[in-house]
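Below: the structure, in structure tokens.
As the structure is a computational prediction, the values presented were derived from the model and not from experiment.
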Amino acid sequence: MATSKILAGAQVVLPTGTVPGGRVLVEGTRVTGSAPGDAEVVELAPDHWVVPGFVDIHNHGGGGASFTSGTVDDVLKGIHTHRLHGTTTVVASTVTGEMDFLAQRAGLLSELAEQGDLAGIHFEGPFISPCRKGAHSEALLRDPDPADVRKLMDAARGQAKMFTLATELPGGIDSVRLLAEHGVIAAIGHTDASYEQTVQAIDAGATVATHLYNAMPGLGHREPGPIAALLEDERITVELINDGTHLHPAAFELAFHHAGAARTALITDAMDAAGFGDGRYMLGPLEVEVKDSVARLVEGGSIAGSTLTQDRAFKRSVTVDGLSVDDVVRAISANPAKLLGMYDKVGSLEPGKDADLVVLDARFELKGVMRKGEWVVTPAL
């Protein structure tokens with residue numbers, strides 16, 4: 001099997017724009033500027049698209065397997081499930097648990113990050129507001145004491161990429177500063193903060209809004225709350241879950257209009273049922289029922305993550321929300337890669353970067369996935 005490949009004929013999305021009838025040259029595991037004469041040529045239809053592999057910075061599992069509590073094999077199964085849907089780079093997100101358990105999970109997940117299966121760890125909880133806990137166990141929540149934050153950072157052995165914090169809680173601002181000093185993303189989420197408290201956290205170094213709108217006060221005309229502060233500040237990248245359940249299309253459009261393609265990161269917030277099906281699941285210590293692809297807590301009915309995959313988010317963003325393909329690529333690949341400090345390796349189709357790419361047809365249905373030069377899903381030619 002040839003290690004060199006030429007993908008030819010489709011519309012190729014590059015950082016500089018879309019090239020009709022473009023070519024992507026792959027040598028081994030990387031995109032290259034030239035290919036040898038014996039390279040395998042993969043001819044694609046002119047109405048197909050070649051885009052960078054998707055980068056998901058907020059994901060709890062998939063394929064019936066959990067990143068939050070599963071074995072190594074479970075985590076690998078979840079990773080593979082999302083690769084089948086175009087996510088070639090994934091960060092594993094936790095949910096609230098006992099500190100010792102979270103430290104243990106960090107150890108397991110960091111091993112997979114060190115060997116290149118994961119892009120790092122996102123700690124969502126326990127440092128969040130009981131007022132906005134969503135699908136997190138209230139009994140296990142705690143204030144964001146910098147010493148506890150540091151404990152989980154240390155347990156992750158350099159693989160902690162992001163912490164979601166309710167920064168208005170005691171220790172919140174100091175924890176933001178600690179994370180910023182160590183190059184770890186401080187994300188504002190599951191928060192009951194005011195507009196003014198949110199501005200204070202941004203000034204302290206917070207750079208991401210965890211699933212904007214969800215698990216935070218609504219936008220008010222006298223009390224604008226965190227949404228206005230997060231949307232207006234150029235230092236903030238906003239996560240959006242574009243599954244048609246978490247956000248009304250008008251709310252999605254409002255956020256994308258104000259943050260723009262440069263400050264939006266499309267995420268899944270997926271749980272075990274993503275790519276798997278309806279049924280009963282556990283999200284941390286809480287039981288979840290998935291019905292008609294919507295995940296809700298059995299007790300209380302709160303939305304409990306999503307069953308979204310990034311190929312569906314991409315298609316919806318173009319076909320329902322009317323975004324340009326170039327803008328969606330920025331939001332689903334380039335921006336999250338930049339947040340992770342990995343844009344030199346992934347997030348765009350440029351020579352020297354990993355050969356991570358997705359082939360979509362004219363209806364934006366996934367037809368092929370390549371990761372590091374090898375087909376995960378081979379296009380039918």
Neighbour count above 12 (heavy atom, 6.0 Å) for [X] [atom1]:
| X | atom1 | answer |
| --- | --- | --- |
| Glu223 | CD | no |
| Glu43 | CD | yes |
| Gln115 | CD | yes |
| Lys345 | NZ | no |

Hey, are [X] and [Y] close enough for a salt bridge, meaning a charged N less than 4.0 Å from a carboxylate O?
| X | Y | value |
| --- | --- | --- |
| Lys77 | Asp74 | no |
| Asp311 | Lys315 | no |
| Lys151 | Asp100 | yes |
| Arg142 | Asp148 | yes |
| Lys372 | Asp354 | yes |
| Glu289 | Arg296 | no |
| Arg150 | Asp145 | no |
| Lys133 | Glu138 | yes |

Can you find a heavy atom in the side chain of [X] that is under 4.5 Å from one in the side chain of [Y]?
| X | Y | answer |
| --- | --- | --- |
| Arg23 | Leu7 | no |
| Met370 | Arg83 | no |
| Val50 | Leu349 | yes |
| His246 | Tyr213 | no |
| Gln197 | Thr167 | no |
| His190 | Cys131 | no |
| Ile6 | Val24 | no |
| Ile121 | Ser110 | yes |

Give, for atom [atom1] of [X] and atom [atom2] of [Y], the distance between the pair rounded to the nearest 0.5 Å.
| X | Y | atom1 | atom2 | answer |
| --- | --- | --- | --- | --- |
| Asn335 | Thr237 | CG | OG1 | 6.0 Å |
| Thr191 | Arg132 | OG1 | CZ | 8.5 Å |
| Leu44 | Trp49 | CG | CH2 | 13.5 Å |
| Leu357 | Leu360 | CG | CG | 10.0 Å |
| Asp269 | Met271 | CG | CE | 10.0 Å |
| Glu253 | His248 | CD | NE2 | 11.5 Å |

Shared hydrophobic cluster for [X] and [Y] (ILVMFWY, side-chain gaps under 4.5 Å):
| X | Y | answer |
| --- | --- | --- |
| Val91 | Phe123 | no |
| Leu230 | Leu219 | yes |
| Tyr281 | Ile303 | no |
| Leu254 | Phe252 | yes |
| Ile236 | Val199 | no |

What heavy-atom pair brings [X] and [Y] nearest, and what distance separates the two atoms?
| X | Y | answer |
| --- | --- | --- |
| Pro15 | Ser348 | CG-CB, 3.7 Å |
| Glu239 | Thr210 | OE1-CA, 3.4 Å |
| Ser293 | Thr307 | O-OG1, 2.6 Å |
| Leu366 | Leu84 | CD2-O, 3.8 Å |
| Val288 | Ala304 | CG2-CB, 3.7 Å |
| Ala119 | Lys161 | O-CE, 3.0 Å |

Could you tell me whether the side chain of [X] and the main chain of [Y] form a donor-acceptor pair under 3.5 Å?
| X | Y | value |
| --- | --- | --- |
| Thr68 | Leu283 | no |
| His136 | Thr96 | yes |
| Arg263 | Leu231 | yes |
| Thr18 | Val13 | no |
| Ser317 | Leu323 | no |
| Asp292 | Val294 | no |
| Arg280 | Val290 | no |
| Asp272 | Gly62 | no |
| Glu124 | Met162 | no |
| Thr87 | Thr89 | no |

_His211: which of His60, His58, His122 passes ring-ring contact (aromatic ring centres under 6.0 Å, His included)_ =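 It is His58; the other options fail the test.
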*Given side chain to side chain contact (heavy atoms under 4.5 Å, CB included), test Val208 with Ile188 step by step and report yes or no.*
CA-CA 6 Å; Val208 166; Ile188 300 171; over 6 Å; no
*Worked check of side chain to side chain contact (heavy atoms under 4.5 Å, CB included) between Leu76 and Leu112*: CA-CA 9 Å; Leu76 290 172; Leu112 293 174; 4.0 Å; yes
*Does the pair His182 and Met153 meet the rule for a side chain to side chain contact (heavy atoms under 4.5 Å, CB included), with working shown?*
CA-CA 9 Å; His182 287 82; Met153 284 175 56; 3.5 Å; yes
*Determine, step by step, whether Ser4 and Glu27 satisfy the side chain to side chain donor-acceptor pair (under 3.5 Å) criterion, reporting the C-alpha distance in whole Å, the side-chain angles of both residues, the deciding distance to 0.1 Å, and the verdict.*
CA-CA 5 Å; Ser4 300; Glu27 178 72 33; 2.5 Å; yes
*Check step by step if side chain to side chain donor-acceptor pair (under 3.5 Å) holds for His82 and Asn59.*
CA-CA 9 Å; His82 285 283; Asn59 188 317; 3.2 Å; yes
*asked:* Using side chain to side chain contact (heavy atoms under 4.5 Å, CB included), reason through Phe67 and Val90 one step at a time and then give a plain yes or no.
replied: CA-CA 11 Å; Phe67 298 158; Val90 63; 4.3 Å; yes
